[in-house]
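Sequence positions, counted from 1, serve as the residue numbers for this chain. Since the model is a prediction, treat every value here as computed from it, not as a measurement.
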Amino acid sequence: MRAEDGDDDTAAATRPSGKRSTRRVRPSDPPADNGNGGVAMLDRPSSPRKADKAAGKATSNPFKRILKFLREVIAELRKVIWPNRKQMVTYTAVVLVFVVFMVAFISGIDVVYVKAVDWLFG
């Protein structure tokens, strides 16, 4: 079966579509009126749990911390939607045209100011 058919879940997971997911979890039932004027209140614990404190504690071994950091960097880079070649060429061309325009614009303003100062104090 081909990946373009849309039936293969693994192909969709390995090849991003370029769009962010906009799905949100919505409750099936509306919140009950709790006397707050229709405002839904979240129940949160007043103090963090002991397990959260232990999980947030850093290890003292610097090699383990570096390894953990590198694993997290790789995990974040896997989430990035990378541009294809056509997009990259387009973005690069736009940036180069903008830079050339700004250099010409600032140079023109500089020439005008030099001539104005030269005429004024000449």
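Using a 4.5 Å heavy-atom threshold, the side chains of L77 and W82 count as touching.
Both V117 and L120 are assigned to one and the same hydrophobic cluster, defined by single-linkage of ILVMFWY side chains at heavy-atom distances under 4.5 Å. Linking ILVMFWY residues whenever their side-chain heavy atoms come closer than 4.5 Å, directly or via other members, places V95 and V103 in the same cluster. In this structure, Y113 is a member of the same hydrophobic cluster as F105, with clusters built from ILVMFWY side-chain heavy atoms closer than 4.5 Å. In the hydrophobic cluster analysis, where Ile, Leu, Val, Met, Phe, Trp and Tyr join through side-chain heavy atoms closer than 4.5 angstrom, V80 is grouped together with L70. Under the 4.5 Å side-chain contact rule for hydrophobic residues, F69 and I66 share a cluster.
Using modelled atom types, one side-chain atom of Q87 and one backbone atom of N84 make a donor-acceptor pair closer than 3.5 Å.
Separation of atoms CZ (R71) and CD (E76) is listed at 15.0 Å; rounding is to 0.5 Å. Rounding to the nearest 0.5 angstrom, the gap separating the CD atom in E72 from the CG atom in L67 is 10.5 Å.
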